[in-house]
Q: 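Here it is, the structure in full.
Just so you know, these numbers come straight off a predicted model, no measurement behind them. Atoms within a ligand are numbered from 1 in the order they appear, just like the ligands themselves. This chain uses plain numbering: 1 for the first residue, then up along the sequence.
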Amino acid sequence: MDFKQAIIDELTERFAVSYNDATDRQMYEAVVGITRAILQKKRAKSAQLEKEQHAKKVYYMSMEFLIGRSLKNNLYNLGYENDMKKALAELGSDLEKLYDMEPDAGLGNGGLGRLAACYLDSLTGLDYPATGFSIRYEFGIFKQVIMDGWQVEYPDNWLELGGAWLVPRPDESEEVYFDGYVEENWSEKGLQTVHKDYTRVLAVPYDILISGDADIVNKLRIWGAKSLDNFNMSLFSRGEYLKSVENEAQSEAISKVLYPADDHETGKRLRLRQQYFFVSASLKNIIKEHMSLYDTLENLADKVIIHINDTHPALCIPELMRILMDEHGYTWDDAWNICTKTLAYTNHTVMSEALEQWNVTMFKSILPRIYSIVKEINRRFCEMVYADHPDKRSRIDDIAIISRGMVKMANLCVASCFCVNGVSALHSEILKNDLFRDYNDIFPGKLTNVTNGIVHRRWLCQANPLLTRLLCETIGDGFVKNSMELEKFLSYKDDSSVLARLAQIKLENKHRLADYIAKNCGVSVNAESIFDIQAKRLHEYKRQLLCALYILDLYKDLKNGRTDINPHTFIFGAKASSGYVMAKEIIRFICAVADTVNGDTKTNSCLKAVFIPDYRVSLAEIMMPAAELSEQISLAGKEASGTGNMKFMINGAITIGTLDGANVEIHQQVGDENIFLFGMHTDEVNERRKTYRPSQVLDSNPDLKEIISFVSKGGVSGKNFDSIVHYLTDSDPYMTLADFDSYKSAQQKADSVYKDINKWNKMSLVNIAKAGIFSSDRSVEEYAKRIWHLKKI
Ligand code: 26V
């Protein structure tokens with residue numbers, strides 16, 4: 001393709017400018033337009049193939065798809081990156097500059113949303129027919145600004161430039177019905193229900209086209225809410241301007257903003273509306289598509305998989321029942337039979353406060369028909385448990401879908417879906433033995449594991465071109481398609497020239513991050529120091545505090561004249577939910593610790609710390625390749641999987657971590673010698689918890705005692721951190737103090753290995769070579785083969 005001519009044409013057609021007058025923004029939009037058009041053509045072909053082959057298809061339902069930027073990803077996957085770069089250069093422009101203009105599509109909070117995005121990419125790259133469904137949030141995850149250590153949130157108006165990727169499809173809009181009441185009438189056809197007095201909202205679809213690195217193009221369909229009731233003319237005429245647009249505003253609020261929380265179920269009405277809105281529109285869309293192809297729903301379960309990403313889209317269950325019964329005349333039993341063969345569910349957390357429950361009164365008022373269906377599912381389920389599992393009768397309150405005035409969405413999913421999976425080996429065991437143990441007895445074999453993965457084409461090939469080139473030169477480029485070929489890199493473990501190049505690449509990537517930090521944080525860090533990074537959402541259980549305490553411990557040692565440690569730079573990136581006060585307090589603490597150590601000229605040549613604001617996908621792409629130590633230090637049993645751990649690993653960072661989530665499997669891959677493990681194991685945590693007193697740990701640990709007293713006395717930047725001191729000394733719910741000594745030993749071990757840089761580089765090489773299994777290509781193949789039974793197009 002002649003990209004130069006295409007750009008010139010696009011600029012004249014769209015903006016009536018010639019290339020030498022075009023602004024950067026016009027250039028950017030022209031290039032996106034051209035790329036999007038290529039994708040659209042490929043999508044049309046893919047859709048045709050899907051139809052011709054009567055392919056079984058997966059619909060991946062998720063409230064979040066944390067896509068990040070798309071231009072580089074698409075050009076890379078299409079194989080046009082170099083051509084486009086050259087064409088732009090000839091026109092006096094620069095592709096890298098255009099890449100940097102693109103806002104992240106931040107339609108997610110963290111791991112769960114990023115996982116959905118990786119899975120769509122991998123499914124597409126592997127030629128599987130898949131569609132993602134979600135919401136077209138006008139505002140994605142907030143922009144984080146740090147003011148005097150405190151997180152402040154600003155709206156993320158990503159559509160301004162990011163909207164260029166969306167293909168509007170108003171012709172496929174759907175109506176969604178809320179509120180009102182249900183009238184039940186007996187007729188010769190049996191019980192008929194009529195939903196009355198409802199309010200309607202229009203769901204308008206926009207498609208984001210997804211490229212893999214193959215010919216297939218899939219789509220992510222995101223729904224925007226539009227009011228169906230035009231503004232009220234009579235109110236307007238009476239001069240009641242605000243009132244006249246109230247209905248419109250209320251409907252359109254549904255797709256206004258992503259809930260910026262991934263920790264606490266707050267039971268908000270608007271969130272329930274968001275969930276039903278995208279579930280109902282998507283299912284109507286799926287059913288229409290299926291009917292137009294087959295003219296029957298009898299074969300729905302053979303042709304369609306609806307995958308529920310966490311409980312957020314769990315309303316798929318009653319909504320599919322509703323469509324089958326109310327709109328297609330199925331009996332309960334026949335509808336249930338289809339539903340329970342079509343729906344599968346992934347659980348992403350065992351934290352009880354994140355498990356969704358809805359107040360019955362609220363649920364019923366917003367979704368009266370859906371409630372009546374959930375009630376019936378619950379009635380039949382409890383009846384079955386009573387009849388077939390008398391030993392579970394005493395546990396019924398915990399197993400039931402509705403109990404104690406709440407609708408429990410995880411229970412609804414496990415009772416209804418044909419398959420339920422956890423996201424790492426350890427997490428899936430905890431589901432079977434703990435969170436869902438009763439269900440595991442009732443439905444043996446339903447619970448399974450699929451360990452998470454990351455799309456290595458983005459997280460290695462695109463984010464780390466230098467390492468990718470080294471890999472291509474040594475082991476060939478087969479790993480791009482088949483991540484398991486990374487293992488060939490192991491044979492270079494003792495090749496000193498490869499190890500030296502690896503070190504050089506890491507150094508260049510560290511310089512790139514150091515430049516970013518200098519520019520964005522005003523802190524100069526030494527690229528020769530060890531880069532020790534913790535990047536993830538801020539949560540107590542992830543224990544960013546543990547690392548912060550260790551920084552103070554090191555600082556104390558340096559002040560006391562210790563000289564035997566390598567220069568060390570601690571780098572953090574983390575957003576806190578806007579209402580999560582302790583998480584924000586921890587950010588404030590980290591920033592103050594950073595100010596303290598960075599400002600001390602006695603120690604700052606050896607020890608620095610930085611909190612980089614606004615952690616997001618595009619920032620992660622700079623941080624991961626620059627990391628040497630990857631902090632994965634959650635309390636064992638709490639992190640379902642983690643996926644950042646995999647991104648660091650594949651870029652050659654060595655994990656310092658607990659045996660939690662997928663760290664367990666990383667350990668299995670690399671062995672004891674290539675990871676720094678520490679801390680209590682899950683069973684030890686459970687045992688210790690029974691009698692845990694943080695004050696006892698303090699009494700027996702003079703180092704910790706000194707650190708805490710330093711904090712209490714205002715040693716950290718002169719600021720008051722009583723909140724942190726009390727948190728740690730009075731309750732310490734995630735046992736930070738209990739794991740401190742063990743963490744410290746692991747850090748010391750890492751520090752001593754770093755002195756033997758050859759050994760360090762070897763460990764780094766082994767991590768890269770063993771990371772292939774954590775490609776989402778592997779995860780998606782497991783889903784496709786074991787759970788969804790999909791065939792490639
Ligand atoms: C929960 C909630 C609760 C209500 C408010 C809104 C909201 C939004 C998201 C969530 C999901 C929390 C679960 C989650 O993000 N889990 C993460 O999933 C990753 C992908 O499987 C996994 O790697 C992380 O370990 C896990 O914490």
Q: If the cut-off is 4.0 Å to any non-hydrogen atom of R271, which atoms of ligand 1 fall inside it?
A: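 Within the 4.0 Å cut-off of R271, ligand 1 contributes 6 (C), 7 (C), 8 (C).
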
Q: For a quick check under 3.5 Å, do N449 and E429 share a side-chain donor-acceptor pair by atom type?
A: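 Checked: N449/E429 side chains show no N/O donor-acceptor pair below 3.5 Å.
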
Q: Check M63 against ligand 1 and report side chain, backbone, both or neither, counting heavy atoms closer than 4.0 Å.
A: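 Near ligand 1, M63 shows nothing, with every heavy atom at 4.0 Å or more.
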
Q: For the residue pair K268 and Y259, would you count it as a cation-pi contact if the rule is NZ or CZ under 6.0 angstrom from the ring centre and within 45 degrees of the ring axis?
A: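 No, K268 does not lie over the aromatic ring of Y259.
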
Q: Give the ring-plane orientation class for Y60 versus W788, where under 30° counts as parallel, over 60° as perpendicular and anything between as tilted.
A: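 Ring orientation of Y60 relative to W788: perpendicular.
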
Q: Examine T349 against ligand 1 and note whether any of their N/O atoms are separated by less than 3.5 Å.
A: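 No; the residue has no nitrogen or oxygen that sits under 3.5 Å from a nitrogen or oxygen of the ligand.
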
Q: Any N or O of H348 that comes nearer than 3.5 Å to an N or O of ligand 1?
A: yes

Q: Mind checking whether E356 has a heavy atom under 4.0 Å from ligand 1?
A: no

Q: G642 versus ligand 1: do any nitrogen or oxygen atoms come within less than 3.5 Å of each other?
A: yes

Q: Counting only heavy atoms, which portion of N452 has something under 4.0 Å from ligand 1: side chain, backbone, both, or neither?
A: side chain

Q: D310 to ligand 1: N or O pair under 3.5 Å?
A: no

Q: Mark up the atoms of ligand 1 that fall under 4.0 Å of a heavy atom belonging to H312, in ascending order.
A: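 Close to H312: 1 (C), 8 (C), 9 (C), 10 (C), 11 (C).
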
Q: Under 4.0 Å from any heavy atom of A640, which atoms of ligand 1 are there?
A: 25 (O)

Q: Is it the side chain, the backbone, both or neither of V423 that has a heavy atom closer than 4.0 Å to ligand 1?
A: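 The answer is the side chain.
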
Q: side-chain hydrogen bond (donor to acceptor under 3.5 Å, both in side chains) with D777: which residues, sequence neighbours excluded?
A: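 For D777 the side-chain hydrogen bond (donor to acceptor under 3.5 Å, both in side chains) partners, ignoring immediate neighbours, are S122, R457.
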
Q: Distance check, rounded to the nearest 0.5 Å: N645 atom CG versus I675 atom CD1?
A: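 The CD1 atom of I675 is 9.0 Å from CG of N645, to the nearest 0.5 Å.
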
Q: Checking Y128 now: which residues fulfil ring-ring contact (aromatic ring centres under 6.0 Å, His included) with it, not counting sequence neighbours?
A: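 Once residues adjacent in sequence are excluded, Y128 has no partner under the ring-ring contact (aromatic ring centres under 6.0 Å, His included) criterion.
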
Q: Salt bridge check: are R69 and E621 linked by an N-O gap of less than 4.0 Å?
A: no

Q: So is A261 touching ligand 1 or not, going by heavy atoms under 4.0 Å?
A: yes

Q: For K364, does the NZ atom sit with more than 12 other heavy atoms under 6.0 Å from it, leaving out its own atoms?
A: no

Q: Could you go step by step and tell me if V145 and Q151 meet the side chain to side chain contact (heavy atoms under 4.5 Å, CB included) rule?
A: CA-CA 6 Å; V145 173; Q151 168 181 300; over 6 Å; no

Q: Any nitrogen or oxygen of Y541 lying under 3.5 Å from a nitrogen or oxygen in ligand 1? Just yes or no.
A: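 Yes: some nitrogen or oxygen of Y541 is under 3.5 Å from one in ligand 1.
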
